[in-house]
Protein chains: 2
Amino acid sequence: MSGVTREAVDSRQDILRTAARLFQQRGYDATSMNDVAAALKLSKGGLYHHFQSKDEMLFHIMNHALDITEERVVKAVRGIQNPEERLRTVIRLHIEVVLSVRDREVTVMLHENHPLPPSLRKQINQRKKDYIHFVEGLIAEVQKQKGTKGTVSARAAALALLGMINWIYQWYKPEGRLQAQDLIPQYTELLFAGAFQ
Amino acid sequence: MSGVTREAVDSRQDILRTAARLFQQRGYDATSMNDVAAALKLSKGGLYHHFQSKDEMLFHIMNHALDITEERVVKAVRGIQNPEERLRTVIRLHIEVVLSVRDREVTVMLHENHPLPPSLRKQINQRKKDYIHFVEGLIAEVQKQKGTKGTVSARAAALALLGMINWIYQWYKPEGRLQAQDLIPQYTELLFAGAFQ
DNA sequence: ATAATTCCACCGACCGATCGGTCGGTTTTC
DNA sequence: GAAAACCGACCGATCGGTCGGTGGAATTAT
């Protein structure tokens with residue numbers, strides 16, 4: 001067993017990536033299992049060899065989107081001591097994740113609210129809440145450090161920040177003006193000092 | 001003809017209101033024409049007497065949502081001379097529209113991106129763009145008035161503001177903490193001075 | 001005033017298509 | 001040769017949409 005046991009990469013991952021692409025482009029409901037199978041040059045029967053249901057695929061895609069966010073944002077800033085710098089980095093990384101062409105799972109998670117079976121649904125919602133809480137706590141830390149006296153609570157600021165970032169996929173066009181590298185400093189400054197400094 | 005010619009109110013409006021409620025609660029795709037008809041105590045055949053297709057209903061709902069926004073936000077602030085006060089009022093009114101239980105059409109318009117026939121789709125998208133432009137222009141005015149030197153462009157600020165407001169429906173619970181009346185001043189201050197003043 | 005006609009909201013059975021999902025059997029892989 | 005991967009025909013259900021017809025109110029003719 002010298003590095004074997006693998007090969008064929010683990011086709012589940014490939015399938016999920018393709019499915020995520022289609023779900024993002026056409027929407028979950030408008031994408032049939034036949035569409036997914038065809039895009040993978042599989043039959044529908046073959047596809048069902050790997051997944052039990054369409055819901056299960058959506059669940060895995062959403063879970064993977066949350067894995068990505070935790071990996072590329074939460075874990076990535078653990079080492080940063082200064083709260084303000086940590087928050088600035090979170091903003092940058094989160095925007096980069098949302099705009100990443102590679103991570104279409106994230107957009108699917110943001111947009112689709114197809115009713116999953118309750119147990120699966122609860123798992124996803126809990127992880128989403130955890131992330132909001134993470135951002136809220138970080139903002140509270142920065143507020144404390146800066147001695148903020150304003151009326152903006154950490155919770156409202158977190159929800160506003162996540163709202164403006166998570167809404168980007170609704171209007172962003174890679175070929176349009178306002179590119180990612182312009183967006184990051186502007187959204188950051190908006191949160192830290194408003195739009196009229 | 002003494003005030004006659006009416007009666008029966010105009011059932012198309014009633015139908016659209018019911019459809020909007022169902023579309024918002026269950027989603028457009030997950031709501032069948034039978035569901036809509038049943039909620040109105042109609043048969044599906046009877047429903048199709050009033051509308052040609054499900055797409056047409058969605059189009060009218062979205063158009064109506066844009067009517068509401070123009071009426072209750074854009075037109076409502078026309079009389080306000082001072083740009084800053086006008087912008088503050090726009091923020092308040094827009095949040096109130098998004099949170100209004102009565103205007104479920106708005107949430108439907110924000111969330112659903114079902115592919116309408118191109119001509120209808122273009123109309124909706126154009127009106128959305130017009131509204132973004134309206135907010136962008138207003139922000140630019142305030143920036144000029146205040147002599148803003150920062151790096152936040154009016155366009156980025158407009159998209160961020162609309163993002164944080166239009167995202168509210170994703171997390172807002174009427175029974176939760178963070179009510180509308182708390183939200184409005186906090187979102188306003190966030191845009192004007194950031195979260196750490 | 002009444003009979004005939006028009007009109008309109010509505011019904012309910014039906015259609016073709018498509019959907020998610022199944023299953024028995026065949027091919028591929030190691 | 002066993003096990004995993006895969007095929008393709010098939011199923012029941014549901015979908016958006018159609019259509020011939022019906023009953024009653026309004027309109028017109030007589």
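Residue numbers begin at 1 in each chain, while the letters A, B, ... track the order of the sequences.
With sequence neighbours left out, the side chain to side chain donor-acceptor pair (under 3.5 Å) criterion links Ser153(B) to Gln186(A). Residues forming a ring-ring contact (aromatic ring centres under 6.0 Å, His included) with His114(A) (at least two apart in sequence, or on another chain): Tyr28(A). Every residue two or more places apart in sequence or in another chain that forms a side-chain contact (heavy atoms from CB on, under 4.5 Å) with Arg86(A) is listed here: Val77(A), Ile80(A), Leu138(A), Glu141(A). With sequence neighbours excluded, no residue forms a salt bridge (charged side-chain N to carboxylate O under 4.0 Å, His left out) with Asp55(B).
Proximity of residues 32-42 of chain B to DNA chain C (heavy atom under 4.0 angstrom from any strand atom) is restricted to Lys41(B), Leu42(B).
Using a 4.0 Å cut-off between a side-chain N of Lys or Arg and a carboxylate O of Asp or Glu, Arg127(B) and Asp67(B) qualify as a salt bridge.
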Using residues 91-98 of chain A as the side-chain source, report each donor-acceptor pair under 3.5 Å to any protein atom, sequence neighbours left out, with the distance given to one decimal.
| from | atom 1 | to | atom 2 | distance (Å) |
| --- | --- | --- | --- | --- |
| His94(A) | ND1 | Tyr131(A) | OH | 2.9 |
| His94(A) | NE2 | Asn166(A) | OD1 | 3.1 |

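When the side-chain nitrogen and oxygen atoms of His50(A) are compared with OP1 and OP2 of dC6(D), one or more of them lie within a distance under 4.0 Å. The phosphate of dC10(C) (OP1 or OP2) has no side-chain N or O of His49(B) nearer than 4.0 angstrom.
Atom CZ of Arg12(A) is separated from atom C1' of dA4(D) by 14 Å (rounded to the nearest Å). In this structure, CZ of Arg26(A) is placed 15 Å from C1' of dC19(C), rounded to the nearest angstrom. The distance from atom CG of Asp29(B) to atom P of dT18(C) is 16 Å, rounded to the nearest whole Å. Between the P atom of dG21(C) and the CG atom of Leu47(A) lies a distance of 10 Å, rounded to the nearest Å.
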Exercise. When you check every protein heavy atom under 4.0 Å of nucleotides 19-25 of chain D, what one-letter string (B, S, -) results, 5' to 3'?
Worked result: B------
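Residue pairs meeting the salt bridge (charged side-chain N to carboxylate O under 4.0 Å, His left out) criterion with at least one member in residues 149-167 of chain A, sequence neighbours excluded: Glu136(A)-Arg155(A). The salt bridge (charged side-chain N to carboxylate O under 4.0 Å, His left out) analysis of residues 167-193 of chain A, with sequence neighbours excluded, yields no pairs.
At distances below 3.5 Å, at least one donor-acceptor pair connects side-chain atoms of Gln197(A) with backbone N or O atoms of Ala193(A).
Counting atom types as modelled, Lys44(B) pairs a side-chain N or O with a base atom of dG17(D) as donor and acceptor under 3.5 Å. Checked by distance alone, Lys54(B) brings no side-chain donor or acceptor within 3.5 Å of a matching partner on the base of dG17(D).
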